[in-house]
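For reference, the structure is listed below as structure tokens.
Below, chains carry the letters A, B, ... as their sequence lines are ordered, and counting in each starts from 1.
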Amino acid sequence: MCPVPVMILPDGSQKSVPSGSSSRDIAESIGKRLAQAAIAARVNGIVVDLSAPLPDSVEPQTLQILTEQGDDSLEVLRHSSAHIMARAVVRLFPNTQLAFGPPIENGFYYDIDSPTPIREEDFPRIEEEMKKIIALAEPFERFERTVPKGRELVQGMGQDYKVEHIDGELFKYPLLSFYRQGEFVDLCRGPHLPHAGRVGAFKILSIAGAYWKNDSSRKQLQRLYATAFFSQKELDDHLKRMEEAKKRDHRLLGKQLALFTISQQVGPGLILWMPRGALVRSILENFIRDELLKRGYSPVYTPHIGKLELYRTSGHFPYYRDSQFPPLYQHPAAQAIDLLQHRLSAGELSPEKETEMEKFLEQASLSIPGYAAAKTQAEKLAIVDAFSQELLAKFQIGIPGFEKAEGRDDRTKLLLGWLENQEGYLLKPMNCPHHIQIYKAERRSYRDLPLRLAEFGTVYRYEQTGELSGMTRVRGFTQDDAHLFITPEQVEGELQKNIELVLFVLKTLGLNDYRVRLGLRAKGSDKYVGSDDDWNSAEESLLRIVKALDMTYSAEEGEAAFYGPKIDFVVRDCIGREWQLGTVQLDYNLPKRFDLEYIGADNKAHRPVMIHRAPFGSMERFMGILIEHFAGAFPFWLTPEQVRILPVSEKFNDYARSVESRLREHGLRVTGEYNSEKVGAKIRQATLDKVPVMLVVGDKEVQANAAAVRHRIKGDLGMIGIDALIGQLEADVRSRTLV
RNA sequence: GCUGGCGUAGCUCAAUGGCAGAGCACUGGUUUUGUAAACCAGAUGUUGUGGGUUCAAGUCCCACCGCUAGCUCCA
């Protein structure tokens, strides 16, 4: 007997169909309406084309017909829409090369390399072309080819990126699949819609650059972003939601509510906290400071700069030097010599690194005569070598032994020796080296550990211009930082306590929409320091903890810091971008680099382990996310202005002022509105300023020594005596209520 | 850093290559007000910066600065 597909449907019923039948056949046998509504099918858990033949098997298999409801269908729709968009682009822009065109969270994109670049003005005519394609409702037809035949096909179509993709990746598979839609054929895994007519509504949203294979040394393509839905209404709703979300943008609200500003004069990526924003920050800082004291932390203070030598030891300089502000040297020639020495010590460079170096020299406004024109690496090194000697002579810098040095390598070492003796400082990119010096200031015993040093430490990093974004990506920021110096046995316990602290912070602020990322090392990569044993036990510890705390997490390889695995708490901003807030990291690297030790119970020296952690991450980024989370309307305990008093007329100003000072005496943040506007206007202004509690006072209130309370959201709450009101408000602050 | 878009009053935005404007905010006055906008008047500009084309530039061209979406990066 021939095996025939036996399918179990979601309702538990079974269907046997002739070999070679498709999901569509089953849908049709169930009902005409289902067959019409069908988008794709899920066979044995995998989404496939409706027309795909069902696998032969005597064993029962599962089948679900997918209709317009559900994310899987939406993904199929968007994938097909990407094909339709590419087809339209190829029609309008001849000789266009196609790269990848996948569905993404809220839509899809297609990476395109067109001889005539696509511009925003072109969107309408691309959309028109797409509409024509959709109106024809041609089917998506799947066919398969062997690798050589498939390669021949895409090569014949002049699709070089597809050829490269086959050669680099797809050759591992026995067959390549293609989809044909009218004249358009694309290499593609599928699955797809039955036909283009199923696309109900779509919109091209934006265009941006994106590197081929996500590699910044490869060609930059144009990425065309769009979205699609089964109905116009869903698309309209989606676009409206996007518009609404943009109103929460912290850059907008920060300006409107006078929380922070960025001045071109001060510099990009440098946040100026205005009084209202600074007030919120100070409340957050007090909140976390109190928690840290309860949890056995020791506050410390350290300076904003440190000697270069410190950061040479920690490895941050010169490793991260192009994402740091330039070093500050006393000697006028030292910065140039520093760059030359840096180049010399790098030796032979790969072409990418060489390009990077040229850009770096350019950025530093140091043009070395002949460098750019030199052809070979050896020539370049010789030019730098000669130039550094010339520079030393011109500045009359005498380095003992330099004249007699045998060759370039010796001179490079002597230059470094000279630099190391120069007075040079770095704006600190991290707080840990400073905290480590505090650890080292005393002889440590195992009895002292864990030593938990905490500081709101401001650090400076020279982020790329294209990365800067409001408060979320900046060049100067303050971490609610702490470094824990612990014994290896204490690792797990301290990690757990720190994760609990982060969870407590997030919960207190009502930030429930985050994901937990467990950053592990990438297998087989050499960019990590420390022994395999350390890594294994560290990764296992972190895994045990997230499981013990019953957290939903995603373990991601390659997301570890170079010195240890970490747990990050990641949230989204109003336009869907992810940002890392809190982080807990294990570090075996710095204790070694700085040769840290403690005396154990055995009276022998042991190496401590460090935990680097910041529950907020950076005050700037946290504030930005918090503004968006609350849409600028901070909860009562956190808001910069808790209460505004609104006298009905100027006749009641004196009483209003007396209420104001009584509330202020109780530590409430209160102001009064004493202009001659009508009370309606005062209420409107206070509401727009997102003041949670308004107190309207007039004749009745004066008589009763009371105030009429109006809540920003709940509206008029009626009259209440001043004493009772103060009691209630104080209770709200104590409980950190979120409403 | 790369690709695209943008830059006009404190804010939001107008202005065919032809006199730089409106609303809000601000200042002064009138009004003395009861739960989301009282009225009148006034002041407000190196149109991001620098150069160029033109009889004439906010507008066109070039460079730079900054903002912005995405990509790359993120100790």
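Between A:Glu628 and A:Arg248 no salt bridge is recorded (no basic side-chain N to carboxylate O distance below 4.0 Å). Classification of A:Glu244 and A:Lys247 as a salt-bridged pair holds, one side-chain N sitting under 4.0 Å from a carboxylate O. Remark: A:Arg119 does not engage A:Asp122 in a salt bridge, criterion side-chain N to carboxylate O under 4.0 Å. Salt bridge status for A:Glu105 with A:Arg577: absent, with no side-chain N to carboxylate O gap under 4.0 Å. Salt-bridge formation is not detected for the pair A:Arg521/A:Glu557: no Lys NZ or Arg NE/NH1/NH2 atom is positioned less than 4.0 Å from an Asp or Glu carboxylate oxygen. Ion pairing between A:Lys307 and A:Glu309 fails under the 4.0 Å rule for side-chain N and carboxylate O. Salt-bridge formation is not detected for the pair A:Arg593/A:Asp595: no Lys NZ or Arg NE/NH1/NH2 atom is positioned less than 4.0 Å from an Asp or Glu carboxylate oxygen.
Listed candidates were B:C2, B:C74, B:G66. Nearest to the side chain of A:Gln220 is B:C2. For A:Met430, counting side-chain heavy atoms from C-beta on, the closest listed nucleotide (B:G70, B:A75, B:G66) is B:A75. Listed candidates were B:G5, B:A75, B:A69. Nearest to the side chain of A:Ile575 is B:A69. Of all nucleotides listed (B:C73, B:A75, B:A69), B:A75 comes nearest to the side chain of A:Pro429. Proximity note for A:Lys566 (side chain, C-beta onward) versus B:C71, B:A75, B:A38: the nearest is B:A75. In the set B:G66, B:G70, B:A75, B:A75 carries the atom at the smallest distance from any side-chain atom of A:His316.
Remark on RNA chain B: of its neighbouring residues A:Glu121 and A:Ser323, the 5'-side contact belongs to A:Glu121, judged by nearest-heavy-atom nucleotide. Residue whose closest nucleotide on RNA chain B sits further toward the 5' end, between A:Ile118 and A:Ala210: A:Ile118.
As rounded to whole Å, 13 Å separates atom P of B:C67 from atom CD of A:Glu463. Taking atom CG on A:Leu688 and atom P on B:C11, their separation rounds to 18 Å, with Å as the unit. With rounding to whole Å, A:Gln464 atom CD is found 9 Å from B:C74 atom C1'. One can place CE of A:Met471 at 13 Å from P of B:U68, the figure rounded to the nearest angstrom. Atom C1' of nucleotide B:G10 and atom CD of A:Gln256 are separated by 14 Å, given to the nearest angstrom. With rounding to whole Å, A:Tyr110 atom OH is found 24 Å from B:U3 atom P. Summarising the geometry, the separation between CD on A:Gln479 and C1' on B:A75 is reported as 9 Å, rounded to the nearest angstrom. Put simply, CG on A:Asp689 is 12 Å from P on B:A25, counting in whole angstrom units.
Remark: the A:Arg473 side chain and the B:C74 base include a donor-acceptor N/O pair separated by less than 3.5 Å. At a cut-off of 3.5 angstrom, the base of B:G1 holds at least one donor-acceptor pair with the side chain of A:Tyr211.
Straight-line distance between the P atoms of B:C60 and B:A69: roughly 24 Å, to the nearest whole Å. Atom P of B:A9 sits at a distance of 38 Å from the matching atom of B:G34, rounded to the whole Å. Remark: the separation of the C1' atoms in B:G7 and B:C13 is 13 Å, to the nearest Å. Straight-line distance between the C1' atoms of B:G29 and B:A43: roughly 14 Å, to the nearest whole Å. Taking the P atoms as reference points, B:A63 lies 26 Å from B:U16, given to the whole Å. For the C1' atom pair drawn from B:G1 and B:G10, the interatomic distance equals 34 Å after rounding to whole Å. With both ends at atom P, the span from B:A15 to B:U27 equals 30 Å, rounded to whole Å.
In this structure, A:Tyr320 forms an aromatic stack with the base of B:A75, since both conditions hold: centre separation below 5.5 Å and plane angle below 30°.
Here A:Tyr563 lies in heavy-atom contact (under 4.0 Å) with sugar-phosphate atoms only. The residue A:Gly564 sits apart from the nucleic acid: no heavy atom pair falls under 4.0 Å.
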Can you check nucleotides 40-46 of chain B for protein contacts, nitrogen or oxygen pairs under 3.5 Å, and list what you find?
none

Between N or O atoms, less than 3.5 Å apart, protein on one side and nucleotides 28-35 of chain B on the other: list the pairs.
residue, atom, partner, partner atom, Å
B:U31, O4, A:Ser676, OG, 3.3
B:U32, O2, A:Glu650, N, 2.9
B:U32, N3, A:Glu650, OE1, 3.2
B:U32, O4, A:Glu650, OE1, 2.8
B:U33, OP2, A:Lys651, NZ, 3.0
B:U33, O2', A:Val648, O, 3.4
B:U33, N3, A:Ser676, O, 3.3
B:U33, O4, A:Ser676, O, 2.5
B:G34, O6, A:Asp699, N, 2.7
B:G34, O6, A:Lys700, N, 3.3
B:G34, N1, A:Glu701, OE1, 2.8
B:G34, N1, A:Glu701, OE2, 3.4
B:G34, N2, A:Glu701, OE1, 3.4
B:G34, N2, A:Glu701, OE2, 2.6
B:U35, O2', A:Arg710, NH1, 2.8
B:U35, O2, A:Arg710, NH1, 3.3

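Ring planes of A:Phe616 and A:Phe622: tilted class, angle from 30 to 60°.
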Could you give the side-chain donor-acceptor pairs of residues 683-695 of chain A under 3.5 Å, partners two or more places apart or in another chain?
residue, atom, partner, partner atom, Å
A:Gln685, NE2, A:Asp689, OD1, 3.3
A:Thr687, OG1, A:Ile683, O, 2.6
A:Asp689, OD2, A:Arg644, NH1, 3.2
A:Asp689, OD2, A:Arg644, NH2, 2.9

Validation: residues 699-707 of chain A side-chain donor-acceptor distances under 3.5 Å, sequence neighbours left out:
residue, atom, partner, partner atom, Å
A:Glu701, OE1, A:Gly698, N, 2.8

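Taken to the nearest 0.5 Å, the CZ atom of A:Arg321 stands 9.5 Å off from the CG atom of A:Leu426. The OH atom of A:Tyr110 sits 13.0 Å away from the OG atom of A:Ser81 when rounded to the nearest 0.5 Å.
The closest side-chain donor-acceptor pair between A:Asn106 and A:Thr227, if any, does not fall under 3.5 angstrom. Between the side chains of A:Tyr320 and A:Arg461, no donor N or O sits under 3.5 Å from an acceptor N or O.
When the side-chain nitrogen and oxygen atoms of A:Arg684 are compared with OP1 and OP2 of B:A25, none of them lie within a distance under 4.0 Å. For A:Arg119, no side-chain nitrogen or oxygen approaches OP1 or OP2 of B:U3 to under 4.0 Å. Within the 4.0 Å cut-off from OP1 or OP2 of B:U3, not a single side-chain nitrogen or oxygen of A:Arg223 is found. The phosphate of B:G70 (OP1 or OP2) has a side-chain N or O of A:Arg577 nearer than 4.0 angstrom.
For residues 702-718 of chain A, the set of pairs meeting the salt bridge (Lys or Arg N to Asp or Glu O under 4.0 Å) definition, not counting sequence neighbours, is empty.
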Convert the base pairs of RNA chain B into dot-bracket notation, remembering that pairs crossing earlier ones are written with [ ] and that bases paired across to another strand are shown as |; include only Watson-Crick or G-U pairs under 3.5 Å.
(((((((..((((....[..)))).(((((.......))))).....(((((..]....))))))))))))....

